[in-house]
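Dropping the structure in here first, questions after.
As a basis for the values below, the full set of heavy atoms in this structure was taken, side chains included, without hydrogen atoms, waters or symmetry mates.
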Amino acid sequence: MRSPWTRALFGIRRPALAPEAGGAAAGALTLRARGERRTRPWWLDVWVRLVAGKPLGAIGGAIVLVMLAAAVLADWVAPYGFAQTSLRERFIAMSRSHWLGTDELGRDLLTRLIYGARISLYVGFGAIAIGSVLATAIGVVSGYLGGRFDLLVQRAVDAWMAFPPLLLLLSIMSLLGPSVWNITIVLGIAFGIQNSRVVRGVALLVKEHTFVESARALGAGHLRTIVTHILPNVVPTLIVVATTGLSTVILTEASLSFLGLGVPPPYPTWGGMLSLAGLDHMYRAPWLAIWPATALSLAVFGFNMLGDALRDLLDPRLKGG
C-alpha cells in the first residue's frame, strides 16, 4: 500500500467507482488504481523518465552533476592550489599546463573555477535548505490556519517583498560583514520568505479537498493533518521551487561577490573573479572575465532546465504552465 507521500509525489489519485460499474470494469479500475509494482526506486524512475522524455532537462541534469562532481572532488581534480601563484606565468591565455589560462598573479584559472563551483554550490544548497524549511513552515502553517494569523503573516511577507531584493541584501550584508555563513543564512531567509507565497497557495488548494475535511471529521489533530495530508502534496511543488531557486541563489551570490559583499578572498568565487581581475584586466586578458561568466551561465542554465523538467515530471498539474 502506497503512503500519502508516494501518492502525492507521483500524482496518483484513487479513482472512484461508479455504482453501476460492472465487475469487469471495477476490476480493471482496481488494477489501474493499484498499478504495477515498481522494480526500481522512485528517484531512479524520475531520472529515467527525465532522460527519456526531457532532453533539455537531461542536459541540465548533466551540467548539475558535473558541477557537483567538480565541487566534491576539487582537491583531487584541480591541477593546482586555488591560491598557488607564479609571477613568471602571468596572463597566459591558454597552454598545455594551464588549459584556461592564468590571472594577474599567475594562478591557474581552471583551478579557481573548480573551487569556485564548490563555493557556489555550498552557498546555493545551504541557502536552499534553510529557505525550503522556512518557506514550508510559513506557507503551510499560514495557509492551513488562515484567518487573522494568515493575514498578519502575509502582510509581513508583503513588507519584506516591498523592498528591492538586491538593495535589501546589500544592506544586510553590509551590517553583518562578508562571510560564507552570513551570505548563506541571509540568502536562505530571503528565499524562504519570498517562496512562502508559493507554498501557501498549494496549502490553500489542498486544504479545500475532501480528504482533509474527512481527516478532521475523524478526529485528526492539526499537526497530524499537516504532516499526513498537507505536506505530501506540497513536496512536489517545493522540489521544483528549490531546483529553480538554486540558479537564482547562485546568481545572487555572484552579484554580491561582484560588489565585494560576498565570500571574501582568498576563496575564489565566480562573481569575485569577474569583479577583481575580470574588470581590471578586461582588455589585456579578456579570458579572466569570459570563463567565470561562462561557468555562471552554464550553472544557471543547468538548474533552470532541470527544474523545468522536474516540474513536468513531479507535478503534472503544472505541465506547460
Side-chain angles (χ1 to χ4, degrees), residues 8-11 40-74 77-78 100 110 112-132 135 165 184 187-188 190-192 194-195 198-199 202 234-255 257-258 268-271 273-274 289-321:
L9 190 60
F10 287 99
R40 52 183 178 237
W42 67 267
W43 54 268
L44 182 59
D45 183 70
V46 170
W47 281 106
V48 171
R49 291 160 57 196
L50 176 68
V51 174
K54 303 290 181 180
L56 283 179
I59 294 175
I63 294 174
V64 171
L65 289 177
V66 170
M67 285 185 60
L68 287 172
V72 173
L73 303 175
V77 300
L100 299 183
L110 176 61
R112 294 180 63 79
L113 286 178
I114 292 174
Y115 279 97
R118 171 179 287 184
I119 296 295
S120 296
L121 290 181
Y122 178 84
V123 173
F125 280 104
I128 288 299
I130 296 172
S132 298
T184 302
L187 290 178
F191 175 84
Q194 181 177 359
N195 289 279
V198 180
V199 178
V202 179
V234 170
V235 167
T237 302
L238 188 61
I239 292 176
V240 173
V241 170
T243 307
T244 54
L246 271 167
S247 62
T248 304
V249 170
I250 291 175
L251 193 60
T252 305
E253 182 274 327
S255 301
S257 297
F258 181 83
T269 62
W270 295 338
M273 294 168 69
L274 284 170
I290 292 175
W291 292 121
T294 301
L296 189 60
S297 301
L298 285 176
V300 173
F301 172 81
F303 280 112
N304 280 337
M305 292 300 101
L306 179 61
D308 187 68
L310 289 179
R311 178 195 63 183
D312 294 345
L313 294 175
L314 297 181
D315 198 347
R317 292 170 298 181
L318 297 179
K319 187 174 183 180

Taking all atoms of both residues into account, what is the closest heavy-atom pair of Ala309 and Gly57, and its distance?
-> CB-CA, 3.7 Å

Approximate separation, where rounding is to 0.5 Å, of Leu100 CG and Ile114 CD1 = 8.5 Å

Show the atom names and distances, to 0.1 Å, of all donor-acceptor pairs under 3.5 Å that link a side chain in residues 296-306 to residues at least two apart or in another chain.
unit_1, atom_1, unit_2, atom_2, d
Ser297, OG, Ala293, O, 2.8
Asn304, OD1, Ser247, OG, 2.9
Asn304, ND2, Val300, O, 3.2

Any pair counted as salt bridge (charged side-chain N to carboxylate O under 4.0 Å, His left out), so long as it reaches residues 60-69, sequence neighbours left out = none

What residues, two or more places apart in sequence or in another chain, satisfy side-chain hydrogen bond (donor to acceptor under 3.5 Å, both in side chains) together with Ser257?
-> Glu253

Begin with the C-alpha distance, continue with both residues' side-chain angles, and end with the deciding distance and a verdict on side chain to side chain contact (heavy atoms under 4.5 Å, CB included) for Phe125 and Val249.
-> CA-CA 9 Å; Phe125 280 104; Val249 170; over 6 Å; no

Do you know which of Ile128, Leu187, Leu121 makes side-chain contact (heavy atoms from CB on, under 4.5 Å) with Ile250?
-> Leu121

Main-chain N/O of Leu113 paired to Trp270 side chain as donor or acceptor, under 3.5 Å | yes

When rounded to the nearest 0.5 angstrom, what distance separates CD1 in Ile130 from OG1 in Thr184?
-> 6.5 Å

Taking all atoms of both residues into account, what is the closest heavy-atom pair of Ala71 and Arg118, and its distance?
-> O-NE, 2.9 Å

Between Tyr115 and Ile119, does a side chain to side chain contact (heavy atoms under 4.5 Å, CB included) hold up when you go through it step by step?
-> CA-CA 7 Å; Tyr115 279 97; Ile119 296 295; 5.9 Å; no

OG1 of Thr252 to CZ of Phe191, rounded to nearest 0.5 Å, is 11.0 Å

